[in-house]
Colleague: 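Below you will find the structure I want to go over with you.
No experiment lies behind these values; they were computed from the predicted model shown.
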Amino acid sequence: MDGNILLIALAVLAFGVIAGRLSGTPVTMPMVFTAAGLLLGSSVLGVLDLGVGSDVVSVLAEATLVVVLFTDASRMELRTVLRQHGLALRLLVLGLPLAIVVGAGAGALLLPAIPLLSLVVLAVVLAPTDAALGQAFVSDTSVPARVRQTLNVESGLNDGLAVPFLTVALDMALRQAGSPASYAGLLLQLVGLGIAVGTATGWLGGRLLEWSAARDWTTPTTQRLSTIALAAVAYAGAELVGGNGFVAAFTAGLVVGTTARSLLPRTQEFSETEGQLLTLVTFLLFGSVVLGDVIGEIDGRVIAYAVVSLVVVRPAAVALSLLGSGVRARTVGFIGWAGPRGLASIVYAVIVADSAGVPGARQVFVVASTTILLSIAAHGVSAAPLSARYGAWMSSVGGPRSPEHAQVPHLPLRHAERRGREEGRGPRQP
């Protein structure tokens, strides 16, 4: 274990030394750490000796997701999203379920050996997007602000909204609930209790921290730590009473972002430092554990589904959800491609691998891992040139009255992404 910690620490140190040199290149942080993990893992050097199912991997991945769910949700002001981000709402309310349906259908055609319910689980695992894997999609200011904000809001919320789908899909694959009424009860318990605990934690905790700050009883550092502690309180509290901890952490973040907006700088500061560290290590372990463990099981059908998931499933779901929105076909295509699979999909894949008794769980794990790997490479390399090309095209054909140029309120990006642009990774957000 000490050797693993040393290797992980050295990898983080090495990236810190060269990060500035990588600025402005197509090489992204997830690409670097995934490649480093693959090199150190069992498939190459074999010096990082953690395996799938390891408690270290599971705990770290889940802790990282709790932090990301909370901090991403806290960036979103719910009233603003509901009132003025119509395109993002289409992607969340229509696009997310459609991606699951289309993804399961594609699996039925390409992966007939996997049971249908397990294919639904696979589709849910790959439904969330992670804007951090293609920063230029949301940071290149030549891209209309409404399009960038649509992708930002979608990425910030769809990982949390996918949790109920994953919970029910896993239970159905395990055939534990048994009847529609039982599944409704399960959903009400896990999601309902998760929302209740998250709402109470976010509202009471946010008010308490704002009250403390107004009286100078706290410091910026302790307020930052205390704000993120709300995510842990919500997660653990929901699990304790039988709810879903991920739903609770996500809900707590939404409530804090809506009712205690003054705490937003603290969540962004945490996301920039401690949260970024957790993300780096997760991608490193993804490369070493996930890829090192499954790379020998990747075949033509697996690669075919991974490609279809990236170039057909999401674009089709996006196109259907944006029908009647008035945006141009090229905008639909850009949004359809700008949906990298990242951190949430990694954690959900690990959860599936740890769920004993799910038919075809191993195949689901292999296919999801392959798709994430392809996404890390393809979206990382293509984000900057495609964003620049689309932005230049929009500037030549899209007048100020076009739907893409409609004014929408700005909701902040992940703080780490903004810092990356200041270091030269791309144009700054106005």
Colleague: Counting only N and O atoms by type, is there a donor-acceptor contact under 3.5 Å from the side chain of R341 to the main-chain atoms of G339?
Modeller: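 Checked: pair present.
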
Colleague: Flag the pair T80 / T258 as yes when at least one side-chain heavy-atom distance between them is below 4.5 Å, and no otherwise.
Modeller: no

Colleague: For residues 216-244, pull every pair meeting ring-ring contact (aromatic ring centres under 6.0 Å, His included), keeping only residues two or more places apart or in separate chains.
Modeller: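 Listed by first then second residue: W211-W217, Y235-F246.
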
Colleague: Between V32 and F283, is any pair of side-chain heavy atoms under 4.5 Å apart?
Modeller: no

Colleague: Ignoring hydrogens and angles, tell me if any N or O in the side chain of R75 forms a donor-acceptor pair with the backbone of L411 under 3.5 Å.
Modeller: no

Colleague: Looking only at side chains, do T227 and T267 share a donor and an acceptor under 3.5 Å apart?
Modeller: no

Colleague: Would a distance-only check, ignoring hydrogens and angles, find a side-chain to backbone donor-acceptor pair under 3.5 Å from S155 to N152?
Modeller: no

Colleague: Working to the nearest 0.5 angstrom, can you tell me the gap between L386 CG and F334 CZ?
Modeller: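 If we round to the nearest 0.5 Å, L386:CG and F334:CZ are 7.5 Å apart.
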
Colleague: Answer with yes or no whether the side chains of T222 and S226 bring together a donor and an acceptor at under 3.5 Å.
Modeller: no

Colleague: Step by step, work out the side-chain contact (heavy atoms from CB on, under 4.5 Å) result for F250 and L161.
Modeller: CA-CA 9 Å; F250 174 72; L161 293 177; 4.2 Å; yes

Colleague: How far does CG of L91 sit from OG of S321, to the nearest 0.5 angstrom?
Modeller: 4.5 Å

Colleague: Distance from Y305 atom OH to L374 atom CG, nearest 0.5 Å?
Modeller: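 Separation between the atoms: 13.0 Å.
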
Colleague: For residues R79 and Q84, determine if any side-chain heavy atom of one lies less than 4.5 Å from a side-chain heavy atom of the other.
Modeller: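 Contact flag for R79/Q84 side chains = no.
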
Colleague: Using side-chain heavy atoms (C-beta onward) and a distance below 4.5 Å, is W203 in contact with V256?
Modeller: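 Side chain of W203 against side chain of V256, heavy atoms only: no contact under 4.5 Å found.
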
Colleague: Just so I know, are the side chains of L277 and V12 near enough to count as touching, which here means a heavy-atom distance under 4.5 Å?
Modeller: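 With C-beta onward as the side chain, the pair touches.
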
Colleague: Grab the two heavy atoms, one from N244 and one from A238, that are nearest each other, plus how far apart they are.
Modeller: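 Heavy atoms of N244 and A238 come nearest at O-CB, 3.7 Å.
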
Colleague: Please list, one pair per line, the donor and acceptor atoms closer than 3.5 Å that link side chains of residues 186-199 to other protein atoms, with sequence neighbours excluded.
Modeller:
| residue | atom | partner | partner atom | Å |
| --- | --- | --- | --- | --- |
| Q189 | NE2 | G242 | O | 3.0 |
| T199 | OG1 | I195 | O | 2.7 |

Colleague: A384 and D140: which non-hydrogen atoms are nearest, and at how many Å?
Modeller: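 Result for this residue pair: O-OD2, 4.4 Å.
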
Colleague: Salt bridge or not between R314 and E154? Use side-chain N to carboxylate O under 4.0 Å.
Modeller: yes

Colleague: Does L208 reach the side chain of L204, with side-chain heavy atoms less than 4.5 Å apart?
Modeller: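 Counting from C-beta outward, L208 and L204 never come under 4.5 Å.
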
Colleague: Would you please say whether a donor-acceptor pair under 3.5 Å links the side chains of S262 and E210?
Modeller: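 Yes, side-chain donor-acceptor contact under 3.5 Å.
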
Colleague: In this structure, which one of N158, L151, L96 forms a side-chain contact (heavy atoms from CB on, under 4.5 Å) with T129?
Modeller: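 The passing option is N158.
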
Colleague: Which atoms form the tightest heavy-atom contact between H379 and W337, and what is the distance?
Modeller: NE2-O, 2.7 Å

Colleague: Working to the nearest 0.5 angstrom, can you tell me the gap between L65 CG and L60 CG?
Modeller: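 Rounded to the nearest 0.5 Å, the CG-CG separation comes out at 11.0 Å.
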
Colleague: Nearest 0.5 Å, what's the CD-CD1 distance between Q223 and I228?
Modeller: 11.0 Å

Colleague: Mind running side-chain contact (heavy atoms from CB on, under 4.5 Å) on M394 and V147 for me, showing each step along the way?
Modeller: CA-CA 11 Å; M394 277 302 304; V147 176; over 6 Å; no

Colleague: Cut-off 3.5 Å, side chains only: do T331 and Y390 have a donor facing an acceptor?
Modeller: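 Distance-only check passes for T331 and Y390.
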
Colleague: Using modelled atom types only, decide if a donor and an acceptor are shared between the side chain of T259 and the backbone of V255 within a distance under 3.5 Å.
Modeller: yes

Colleague: Going by distance alone, is a donor N or O of one side chain under 3.5 Å from an acceptor N or O of the other, for S309 and T371?
Modeller: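 Distance-only check fails for S309 and T371.
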
Colleague: Side-chain contact test, heavy atoms from C-beta onward, threshold under 4.5 Å: evaluate it for M29 versus T279 and give yes or no.
Modeller: yes

Colleague: Checking side-chain contact (heavy atoms from CB on, under 4.5 Å) for the pair L284/T34: CA distance, chi angles, key distance, verdict?
Modeller: CA-CA 5 Å; L284 179 69; T34 303; over 6 Å; no

Colleague: Could you state the interatomic distance from CG (L264) to CE (M76), rounded to the nearest 0.5 Å?
Modeller: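 Spacing of CG (L264) from CE (M76) equals 10.0 Å.
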
Colleague: So, S118 side chain and P359 main chain: donor-acceptor pair closer than 3.5 Å or not?
Modeller: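 Answer holds: yes.
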
Colleague: Do H85 and Q149 get their side chains close enough for a donor-acceptor pair, meaning under 3.5 Å?
Modeller: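 Checked: H85/Q149 side chains show no N/O donor-acceptor pair below 3.5 Å.
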
Colleague: Do the ring centers of F33 and F15 come within less than 6.0 Å of each other?
Modeller: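 Judged by ring-centre distance (under 6.0 Å), F33 and F15 do meet the cut-off.
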
Colleague: Mind listing the closest non-hydrogen atom pair of A406 and R146 along with its distance?
Modeller: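 Distance-wise, the nearest heavy atoms are O-CB, 3.6 Å.
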
Colleague: Decide yes or no on side-chain contact (heavy atoms from CB on, under 4.5 Å) for L322 and L87, but give the supporting numbers first.
Modeller: CA-CA 7 Å; L322 294 182; L87 292 183; 3.9 Å; yes

Colleague: With a 3.5 Å distance limit and no angle check, can you tell me whether S212 reaches the backbone of L209 through a side-chain donor-acceptor pair?
Modeller: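 Here the side-chain-to-backbone pair does not exist.
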
Colleague: For A162 versus V124, what's the shortest heavy-atom pair and its separation?
Modeller: O-CG1, 3.8 Å

Colleague: Would you check if M31 and V381 make a side-chain contact, meaning some heavy-atom pair closer than 4.5 Å?
Modeller: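 They are in side-chain contact.
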
Colleague: Testing the basics here: between A99 and V313, what is the closest heavy-atom pair and its distance to 0.1 Å?
Modeller: O-CG1, 3.5 Å

Colleague: Would you say that more than 12 heavy atoms from the other residues, nucleotides or ligands in this model lie under 6.0 Å from the CZ of R83, or not?
Modeller: no

Colleague: For residues 343-350, tabulate all N or O donor-acceptor pairs below 3.5 Å that involve a side-chain atom, not counting sequence neighbours.
Modeller:
| residue | atom | partner | partner atom | Å |
| --- | --- | --- | --- | --- |
| S345 | OG | V125 | O | 2.7 |
| Y348 | OH | D159 | O | 2.6 |

